[in-house]
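One-based numbering, in listed order, for ligands and for the atoms of each. In what follows, every heavy atom counts, from backbone to side chain, and hydrogens, waters and symmetry copies are set aside.
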Amino acid sequence: MKQDYDVIIIGGGLLGCATAYQLAKRKAGKVLLLDANEIASQASSRAACLLTRARTKPALMEMVQETYDCIDEIEHLLGESLELQQCGSVTISSSDASLKELEALEEAAVRFGIPNERIDRRRLKELLPWMEVSAVEEALYMPTDAFIDCALLCSGYARAARSLGAELRSNTKVKAIVAVGDKATEVELADGEKVLAPVVVNAAGSWANLLMRPLGVGLPFTPVRSHFWITGTNLGRFPANHPFTVIPDARAFTRSDVGALIIGLRESECQAFNPDTLTDKLEDFDFNKAAEWKVLDECAPLLQRYLPDIETLGIAHYMAGPSCYVPDAKFIIGQVRPYDGLYAVAGCCGGGVAAGGGMGRLAAELILREEPFVDPAGFAPDRFGAVDPFSVEFQKRCADARSNKKGG
Ligand SMILES: Cc1cc2nc3c(=O)[nH]c(=O)nc-3n(C[C@H](O)[C@H](O)[C@H](O)COP(=O)(O)OP(=O)(O)OC[C@H]3O[C@@H](n4cnc5c(N)ncnc54)[C@H](O)[C@@H]3O)c2cc1C
């Protein structure tokens, strides 16, 4: 059969672009990436952009480290800065439960060689003058944690992939993945054009299951709402060099940026979205903005003990977007059985900025049958057996994995 490309990637967000970069770097042949919108324009332009290094889940620290390595490589390759901001992070504990989590994180950081130190209230106040430190029992400072503009990182992966020979087409929607028997053979575009390749990678983010349904398989995730609030920039209290914070007892994180404070709050019952209801562009999607104040009512009081004037700070912006959650809160990377040649890189679980480089690397290694740098078993798309991501019950399982999230 005629073959137009060696690999077709559907989706030009962080996961698709990182996969394209990792494949192009490994000289995987002719790689084509297709996106229905502009590259980096969907979930990957809405993140809080935290690159938290220390993690307690298996393989995650290796994946995040791979992202940091990619940033260095891409800056070198493109000869430009991706503007990584190494501001550090502080994880805060005010209870026995969160102290256990802090200790586990500290142990993981030590094991992986991530610089970390416990700091006292005086040092905490120096680092974060806005914080009411009397509410804090323990604080763990990790000076090498950073954040990065997620759209700039995504376009960095894309441009690096292109400079290594990959072809990128934006505003090109895939209508269907075509399989003959149990082999994925081509994709059909919205204008009817057919493009052939022996490997097709579904990295279509929140929309990925819409492409899987006609093939009779479901990827085990659902889009759930993630969001944060941004104060005005005129307060003079939040310079960009402050460490970001993770405050599990308040189910919150904060990050200073251009004079404002970004405040992430996680509600106890997270909202899931049926993929059928998604619009082609997130700009047209209603994330239930009306519920914004309900979430603030529930969550802001938890943060108030650390940020006493939260009620009067003045919120200038609200940002909502989809994160794709899996019941075990682990990514989906690998071959989609029973289809030979069909792969998925999906289910970011709110970590695609931090772990995208590693997710793309694992996908590329599996596609090229190289030795994987982390154990892929925990990320297998079929690890839950057959699932129906369009069912309310399954969406609830996924949303439960996000509800009450405490980490960074
Ligand atoms: C509010 C918020 C805060 C977040 N904060 C963080 C954070 O601090 N740290 C972190 O690591 N992560 C964070 N995330 C998660 C991060 O944004 C995601 O993990 C990441 O953007 C996922 O990338 P993606 O490529 O899967 O999705 P997307 O960026 O949505 O890309 C999918 C692409 O597929 C395209 N597509 C869909 N269907 C088709 C089709 N049929 N044909 C062609 N193209 C198609 C879409 O146009 C889209 O561009 C946050 C997310 C949100 C919403």
Give me each pair satisfying ring pair (Phe, Tyr, Trp, His ring centres under 6.0 Å) with a member in residues 381-401, each pair once, sequence neighbours excluded.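 As it turns out, there is no ring pair (Phe, Tyr, Trp, His ring centres under 6.0 Å) pair with a partner in residues 381-401 once direct neighbours are skipped.
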
Validation: residues 306-317 side-chain donor-acceptor distances under 3.5 Å, sequence neighbours left out:
{"residue": "Tyr306", "atom": "OH", "partner": "Ser94", "partner atom": "OG", "Å": "2.7"}
{"residue": "Asp309", "atom": "OD1", "partner": "Arg237", "partner atom": "NH2", "Å": "3.4"}
{"residue": "Asp309", "atom": "OD2", "partner": "Arg237", "partner atom": "NH1", "Å": "2.8"}
{"residue": "Thr312", "atom": "OG1", "partner": "Asp309", "partner atom": "O", "Å": "3.2"}

Does the distance from a Lys or Arg side-chain N to an Asp or Glu carboxylate O, for Glu73 and Lys25, drop under 4.0 Å?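 Salt bridge flag = yes for Lys25 with Glu73.
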
Anything with a heavy atom under 4.0 Å from ligand 1 counts, so go ahead and list those protein residues by chain and number.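 Close residues (ligand 1, cut-off 4.0 Å): Ile10, Gly11, Gly12, Gly13, Leu14, Leu15, Leu34, Asp35, Ala36, Asn37, Gln42, Ala43, Ser44, Arg46, Ala47, Ala48, Cys49, Leu50, Thr172, Lys173, Val174, Ala203, Ala204, Gly205, Trp207, Leu211, Ser226, His227, Phe228, Gly321, Pro322, Ser323, Cys348, Gly350, Gly351, Gly352, Val353, Ala354.
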
Are Arg53 and Phe112 in a cation-pi setup, meaning NZ or CZ lies under 6.0 angstrom from the ring centre and within 45 degrees of the ring axis?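 No, cation not above the ring by the 6.0 Å, 45° rule.
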
Listed by chain and number, what are the side-chain hydrogen bond (donor to acceptor under 3.5 Å, both in side chains) partners of Trp130, not counting sequence neighbours?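 With neighbours one apart ignored, the set is empty.
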
Measuring from His242:NE2 to Met131:CE, what's the distance to the nearest 0.5 Å?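 Atom-to-atom, His242:NE2 and Met131:CE are 10.5 Å apart.
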
